Chemist: 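Sharing a structure, written as structure tokens. Questions coming.
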There are 2 protein chains.
Amino acid sequence: METTQQKIIDAAIEVFNVDLSANLEVVADHAQVTRRTLHRYFKDRAQLMEACQTEMQGKCRSAMMAAIKSSTDPLAQLEQMLYAGIDCGSKYAFLDKLQQHPPYRQMPDTPEGEFDEIKKQWFAIVTGLQKTGIISAELTPAWIFVLFGGMVTTTINALGSGNVARNDIKRFALFSFSRSIGIHTNTNE
Amino acid sequence: METTQQKIIDAAIEVFNVDLSANLEVVADHAQVTRRTLHRYFKDRAQLMEACQTEMQGKCRSAMMAAIKSSTDPLAQLEQMLYAGIDCGSKYAFLDKLQQHPPYRQMPDTPEGEFDEIKKQWFAIVTGLQKTGIISAELTPAWIFVLFGGMVTTTINALGSGNVARNDIKRFALFSFSRSIGIHTNTNE
DNA sequence: TTCAAATGTCTCAAAAATGAGAAATATTTT
DNA sequence: AAAATATTTCTCATTTTTGAGACATTTGAA
């Protein structure tokens with residue numbers, strides 16, 4: 001079974017991903033725990049946030065690493081990275097969001113350093129794909145990066161909307177993402 | 001010049017789009033106004049929220065309407081709707097977000113009714129495009145709808161990241177969106 | 001069953017956010 | 001420049017959120 005501490009962290013990531021300053025009562029509820037219990041594990045909001053950071057970084061980083069190692073074909077790597085992002089769900093989306101806008105206030109200033117390494121590899125893969133003409137060179141890597149994050153968020157929203165079948169999601173996401181970055185080969189269909 | 005009230009509403013939409021429960025100080029700062037002034041225009045948070053709703057609904061609705069009326073070609077309509085969404089920026093993104101997750105707490109329950117009309121037309125256009133085989137029938141309209149909203153958010157993020165030139169944004173967005181929904185014709189390039 | 005750890009309940013005090021009055025300033029209008 | 005309006009500053013009371021102590025209750029392992 002999942003440890004209570006873990007339940008709280010997961011709940012926090014989900015809730016904060018939707019509402020960055022949701023109060024801790026909401027997080028506790030979502031974790032099906034009393035606020036009192038939450039406070040027993042995390043001295044304060046900052047500490048909980050930090051735990052979220054660590055969790056997100058760790059999970060996403062290793063999932064991305066695995067994705068990269070899963071193949072030497074850059075296109076397959078990118079596909080696996082997309083799936084990794086989707087599997088990490090709000091972990092990835094939230095992390096991505098925090099990196100983008102260092103929010104108007106507070107937040108333990110994202111140390112990020114760790115994630116940067118992955119990002120570097122991600123860019124290497126994408127520019128590689130552009131150089132070999134497999135994906136369009138019309139788009140900039142920076143745009144493609146934002147697209148990537150956007151696609152993960154989109155899958156979360158799709159799931160949450162209740163109008164897209166869970167089994168379709170990854171297929172749809174790959175279909176849409178690969179086309180959106182101007183892929184030139186034919187994906188299976 | 002822009003009225004103070006308007007400045008506050010715009011600031012609120014931008015801030016709340018990033019952090020739904022950001023405190024009013026942040027909104028006031030962002031609007032370059034004292035919290036005291038903000039409170040002179042809006043009795044409380046709920047009232048400010050309501051004003052945001054109205055603003056978002058109004059602006060987005062009319063922009064979407066205009067987009068639809070701009071042509072009888074459904075593909076052109078969809079393109080203009082995308083641009084409308086992008087121009088509305090966080091107005092659209094925030095509205096979209098609120099419709100998706102009625103957030104864990106509070107919020108004047110979105111009356112939405114108004115926006116529903118547009119949504120209906122949007123779906124009509126998309127299913128029409130699918131019937132005529134102009135866009136892939138492999139994807140469901142529901143997914144395409146989430147994609148649409150996601151693309152607007154993506155443009156906001158791209159802009160915010162500072163790594164994508166403002167002048168490229170719409171072109172990139174159209175390129176990526178039209179391909180992501182599995183368009184079969186060739187767009188200009 | 002029995003003990004220990006974990007969690008819930010109730011309570012309370014400190015801190016932060018909210019909303020507003022009153023007077024001082026600044027801005028616009030005439 | 002005077003009047004009218006809008007905004008800021010400072011202040012204060014209220015409410016909400018936060019963090020924690022003390023003790024009851026549950027749960028799980030021996």
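Keep in mind that the numbers below use all heavy atoms, side chains included, and drop hydrogens, waters and symmetry copies. On a predicted model such as this, the values are computed, not experimentally measured, just so you know. Sequence lines set the chain letters: A, B, ... in the order given, protein chains first and strands last, and positions in each chain run from 1.
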Chemist: Give every donor-acceptor pair under 3.5 Å between a side-chain atom in residues 123-135 of chain A and any protein atom, sequence neighbours left out.
Modeler:
| residue | atom | partner | partner atom | Å |
| --- | --- | --- | --- | --- |
| A:Thr127 | OG1 | A:Phe123 | O | 2.9 |
| A:Thr127 | OG1 | A:Ala124 | O | 3.1 |
| A:Gln130 | NE2 | A:Ser136 | O | 3.0 |
| A:Gln130 | NE2 | A:Leu139 | O | 2.7 |
| A:Thr132 | OG1 | A:Gly128 | O | 3.1 |
| A:Thr132 | OG1 | A:Leu129 | O | 3.2 |

Chemist: Please identify each residue that fulfils salt bridge (charged side-chain N to carboxylate O under 4.0 Å, His left out) with B:Lys69, with sequence neighbours left out.
Modeler: none
Chemist: Whole-Å distance between D:dT17 C1' and A:Leu38 CG?
Modeler: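 It is 13 Å, rounded to the nearest whole Å.
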Chemist: Take the C1' atoms of the five end pairs on each side of the helix from C:dT1-D:dA30 to C:dT30-D:dA1, get both axes, and report the angle to 10 degrees.
Modeler: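 What I find for the helix from C:dT1-D:dA30 to C:dT30-D:dA1 is an axis angle of 40°.
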Chemist: Is B:Thr37 near enough to D:dT8 that one of its side-chain N or O atoms lies under 4.0 angstrom from OP1 or OP2?
Modeler: yes
Chemist: Please state how far atom CG in A:Asp29 lies from atom P in D:dT17, giving the value in whole angstrom units.
Modeler: 12 Å
Chemist: Rounded to whole angstroms, how far apart are CD on A:Glu2 and P on C:dT7?
Modeler: 12 Å
Chemist: Let me have the donor-acceptor pairs involving side chains of residues 35-42 of chain A, under 3.5 Å, with sequence neighbours excluded, atom names and distances please.
Modeler:
none

Chemist: So if I define the base as every atom that isn't primed, P, OP1 or OP2, how would nucleotides 25-30 of chain D read as a B/S/- string at a heavy-atom cutoff under 4.0 Å?
Modeler: ------
Chemist: Of all residues at least two apart in sequence or in a different chain, which pass the salt bridge (charged side-chain N to carboxylate O under 4.0 Å, His left out) check with B:Asp168?
Modeler: B:Arg171
Chemist: Among all residues two or more places apart in sequence or in another chain, which pass the side chain to side chain donor-acceptor pair (under 3.5 Å) test with B:Gln80?
Modeler: none
Chemist: Can you list everything that forms a salt bridge (charged side-chain N to carboxylate O under 4.0 Å, His left out) with A:Asp73? Sequence neighbours excluded, please.
Modeler: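 Expected list: none.
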Chemist: According to salt bridge (charged side-chain N to carboxylate O under 4.0 Å, His left out), who are the partners of B:Asp87, at least two apart in sequence or on a separate chain?
Modeler: B:Lys170
Chemist: When you look at CD of A:Gln32, are more than 12 heavy atoms from neighbouring residues, nucleotides or ligands closer to it than 6.0 Å?
Modeler: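 Open: at most 12 neighbouring heavy atoms sit under 6.0 Å from CD of A:Gln32.
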Chemist: Given D:dT8, D:dA6, C:dA6, which nucleotide is nearest the side-chain atoms of B:Thr4?
Modeler: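 Within the option list, the nearest is D:dA6.
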Chemist: Any side-chain N or O of B:Tyr41 under 4.0 Å from OP1/OP2 of D:dA6?
Modeler: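 Checking D:dA6 against B:Tyr41, no side-chain N or O comes under 4.0 Å of OP1 or OP2.
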Chemist: Check the angle between the aromatic planes of B:Phe16 and B:Phe94 and answer parallel, tilted or perpendicular using the 30° and 60° thresholds.
Modeler: tilted
Chemist: Determine which pairs satisfy ring-ring contact (aromatic ring centres under 6.0 Å, His included) with at least one residue from residues 64-83 of chain B, sequence neighbours left out, and list them in order.
Modeler: none
Chemist: When you check every protein heavy atom under 4.0 Å of nucleotides 18-25 of chain C, what one-letter string (B, S, -) results, 5' to 3'?
Modeler: BBBBB---
Chemist: Once you round it to whole Å, what is the distance between C1' of C:dA6 and CD of A:Gln6?
Modeler: 17 Å
Chemist: What side chain to side chain donor-acceptor pair (under 3.5 Å) pairs are there with at least one residue in residues 139-166 of chain B, not counting sequence neighbours?
Modeler: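 Checked against side chain to side chain donor-acceptor pair (under 3.5 Å) - neighbours excluded - the pairs reaching residues 139-166 of chain B are A:Ser176-B:Trp143.
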